[in-house]
Undergrad: 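Questions regarding the structure given below will be posed in turn.
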Amino acid sequence: MMTWLPRRAAGYRSPVTTSIALFTRDLRVHDNPVLHAAAAADRCIPLFVLDDAIVSSAFFNANRAAFLSDCLADLDRSLRDRGGELVVRRGKLADEVARVVRAHDVTEIHVAADVSRYARRREEALEALGADLHVHDQSINAVPPLSLTPSGGGDHFAVFTPYFRRWETMHRRGVLRAPGRLTVPEISGEAPGRLHHGTPSPELAAGGETVGRELMADWVRTGVEDYADLHDALADDATSHLSPHLHFGTVSVTELLDRAGTASEGAQAYTRQLAWRDFHHQVLAARPESATKDYRTRNDRWRRSDRDFEAWRDGRTGYPIVDAAMRQLDREGWMHNRARLIVASFLCKTLYLDWRRGAQHFVDLLVDCDLANNQMNWQWVAGTGTDTRPNRVHNPLAQARRYDPDGTYVKRYLPALADLAPQHVHEPWTLPEEERKALDYPAPIVDLREAADRFAAARSRKR
DNA sequence: GGGCAATTCAG
DNA sequence: TGAATTGCC
């Protein structure tokens with residue numbers, strides 16, 4: 001038998017350093033601590049593993065698969081511009097990384113920190129591969145979950161405002177440059193193919209860092225200053241549309257906060273929204289069971305009506321503001337934030353159906369769907385979350401008149417109502433009999449007065 | 001400085 | 001209504 005030294009035998013030092021930059025939810029070359037550090041090695045392998053565990057989970061969907069495909073293709077182009085490429089593998093993450101480690105004498109693995117159980121296991125598995133593991137600042141939040149606790153004790157904040165006061169005082173790291181040239185060992189040479197995972201929404205936005213950075217640039221230049229005034233105006237759609245980019249890390253939240261600044265009222269309001277994201281992440285990190293269980297139960301005995309749920313899901317409730325929003329979700333894989341609030345409240349408070357069903361439908365369609373934000377916002381609306389006013393009900397008509405006064409938003413997604421005057425568009429049942437019958441639009445499935453009474457009665461009975 | 005009541009204020 | 005902070009001992 002020939003003498004053969006294991007590569008990682010004690011005392012052995014490879015003459016060259018070879019790193020893996022393992023991309024996770026940071027699919028960008030700018031302001032990426034992982035890539036920045038990994039690129040300092042002699043050779044660097046930018047790697048993304050499409051983990052079977054994620055692809056087969058109930059939290060993956062066709063829209064996120066399509067968006068992710070865009071992200072990987074764009075990342076590959078950016079890396080090729082720098083002399084590198086993106087290596088994409090599919091399978092069990094640790095196995096795939098191990099294969100690359102063995103095949104290319106990898107000496108160091110760089111990855112971003114993350115608090116989810118999945119991510120902690122990933123770290124353990126990477127630790128066992130023999131190369132030095134460098135876990136960098138997490139990229140998902142501006143302030144990492146569980147790094148702030150109330151001064152009076154407790155492992156997390158349960159109310160937003162005191163959290164935000166502390167959040168604002170936290171130091172943020174500086175924004176990192178994209179690496180210049182990369183030296184990647186001879187490896188695969190093939191651009192990542194598209195991932196097929198069902199049919200995406202027809203008007204799904206494109207993904208990728210290039211698109212994300214353009215959106216960010218436009219947003220900080222012309223959008224954010226009006227955010228305070230316009231963020232709830234449904235028809236204007238004057239929100240950033242950056243949520244899927246924040247989810248996949250094609251835009252860095254640290255860079256975004258830096259560039260948005262706090263000069264205008266709009267920038268301050270927007271910063272607050274980004275802090276809500278971190279707030280929800282720290283709630284779910286501390287109470288992971290809140291993804292499926294009431295954070296604070298109100299002992300609701302939710303109705304179980306498939307008929308009502310399906311009418312809501314398919315945009316056939318007879319309330320135009322609700323139905324338009326559900327059509328937007330179907331068409332774009334995205335929904336205006338104010339509309340999310342309205343439809344969620346309609347499901348939980350008006351129809352009195354379980355928030356989990358609604359949350360799961362969002363998970364199934366939203367391109368930006370983030371578990372912590374989705375579940376905790378649903379719980380907030382349902383009154384089982386961190387809202388300190390658990391009985392608050394959003395009246396869909398009041399919301400519609402206030403945030404879509406002339407019905408432009410409703411008409412955009414419900415062409416059947418295109419010719420209605422503003423005073424009828426949100427309540428087509430007020431039209432004269434014949435005109436109403438001529439509309440291809442259903443009658444309301446529920447009476448708001450009765451629904452409010454039902455909710456109040458259910459809540460008072462159970463306290 | 002720990003523990004408690006009072007106070008403040010919340011998407 | 002209840003969480004967080006503040007003020008008091």
Side-chain angles (χ1 to χ4, degrees), chain A residues 142-143 145-170 224 226-234 238-240 243 262 265-287 290 294-300 321 325 335-350 355 358-359 362 368 370 372-396 398-404 452 455-463:
Chain A
V143 173
L146 310 181
S147 61
L148 297 182
T149 52
S151 47
D155 59 352
H156 73 291
F157 278 88
V159 172
F160 175 72
T161 305
Y163 174 79
F164 182 59
R165 278 199 287 267
R166 290 278 297 287
W167 183 93
E168 276 185 307
T169 67
M170 295 298 287
V224 72
D226 295 325
Y227 185 76
D229 300 326
L230 295 180
H231 74 281
D232 276 328
L234 287 164
T239 62
S240 72
S243 52
T262 51
E265 223 177 289
Q268 287 163 30
Y270 186 64
T271 297
R272 205 177 154 86
Q273 290 305 307
L274 292 175
W276 266 99
R277 230 181 125 249
D278 288 1
F279 173 73
H280 284 145
H281 279 104
Q282 59 98 45
V283 172
L284 198 69
R287 299 281 181 276
S290 300
D294 290 346
Y295 174 78
R296 251 199 301 278
T297 187
R298 310 289 172 180
N299 296 309
D300 289 289
I321 195 73
M335 196 192 287
H336 191 287
N337 184 57
R338 173 54 55 175
R340 296 185 197 201
L341 184 70
I342 297 171
V343 302
S345 180
F346 192 84
L347 187 84
C348 300
K349 301 284 173 75
T350 305
W355 63 266
F362 274 25
D368 61 17
D370 176 277
N373 284 299
N374 190 58
Q375 310 307 86
M376 295 321 295
N377 272 319
W378 268 94
Q379 291 224 48
W380 187 87
V381 172
T384 64
T386 57
D387 190 359
T388 51
R389 289 162 58 192
N391 295 319
R392 167 196 348 245
V393 178
H394 290 92
N395 181 312
Q399 294 282 310
R401 291 190 199 110
R402 190 155 164 207
Y403 299 115
D404 186 30
F455 178 72
R459 276 287 167 87
S460 66
R461 213 179 325 116
K462 295 307 296 178
R463 310 283 239 95

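These figures come from a predicted structure and were not determined experimentally.
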Undergrad: Between A:D232 and A:R402, does any NZ, NE, NH1 or NH2 come within less than 4.0 Å of an OD or OE carboxylate oxygen?
TA: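 Salt bridge between A:R402 and A:D232, a charged N being under 4.0 Å from a carboxylate O: no.
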Undergrad: Taking any atom closer than 4.0 angstrom to a non-hydrogen atom of chain A, what span of DNA chain B does the protein reach, first nucleotide to last?
TA: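 The protein-touched segment is B:dA10 to B:dG11.
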Undergrad: Tell me, with the steps shown, if A:T262 and A:Q268 meet side chain to side chain donor-acceptor pair (under 3.5 Å).
TA: CA-CA 5 Å; A:T262 51; A:Q268 287 163 30; 5.4 Å; no
Undergrad: Run the side chain to side chain contact (heavy atoms under 4.5 Å, CB included) check on A:M376 and A:F279 step by step: do they pass?
TA: CA-CA 10 Å; A:M376 295 321 295; A:F279 173 73; over 6 Å; no
Undergrad: Distance only, no hydrogens: is a donor on one side chain within 3.5 Å (strictly under) of an acceptor on the other, for A:H231 and A:D226?
TA: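 Result is no, nothing qualifies.
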Undergrad: Does the side chain of A:Q379 come under 3.5 Å of the side chain of A:R296 through a donor N or O and an acceptor N or O?
TA: no
Undergrad: All N/O contacts under 3.5 Å from nucleotides 3-5 of chain C to the protein, with atom names and distances to one decimal?
TA:
unit_1: C:dA3; atom_1: OP1; unit_2: A:R296; atom_2: NH1; d: 3.2
unit_1: C:dA4; atom_1: OP1; unit_2: A:A158; atom_2: N; d: 2.5
unit_1: C:dA4; atom_1: OP1; unit_2: A:V159; atom_2: N; d: 3.4
unit_1: C:dT5; atom_1: OP2; unit_2: A:S151; atom_2: N; d: 3.3
unit_1: C:dT5; atom_1: OP2; unit_2: A:S151; atom_2: OG; d: 3.1

Undergrad: Applying a 4.0 Å non-hydrogen cut-off, can you work out what A:R392 is touching in the nucleic acid: base, sugar-phosphate, or nothing?
TA: sugar-phosphate
Undergrad: May I ask you to decide if A:G383's main-chain N or O and A:R392's side chain share a donor-acceptor pair within less than 3.5 Å?
TA: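 No; judged by distance alone, with no hydrogens or angles, the pair does not exist.
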Undergrad: More than 12 non-hydrogen atoms from neighbouring residues, nucleotides or ligands closer than 6.0 Å to CD on A:E265, yes or no?
TA: no
Undergrad: Is there a side chain to side chain contact (heavy atoms under 4.5 Å, CB included) between A:R459 and A:N299 once you walk through the steps?
TA: CA-CA 8 Å; A:R459 276 287 167 87; A:N299 296 309; over 6 Å; no
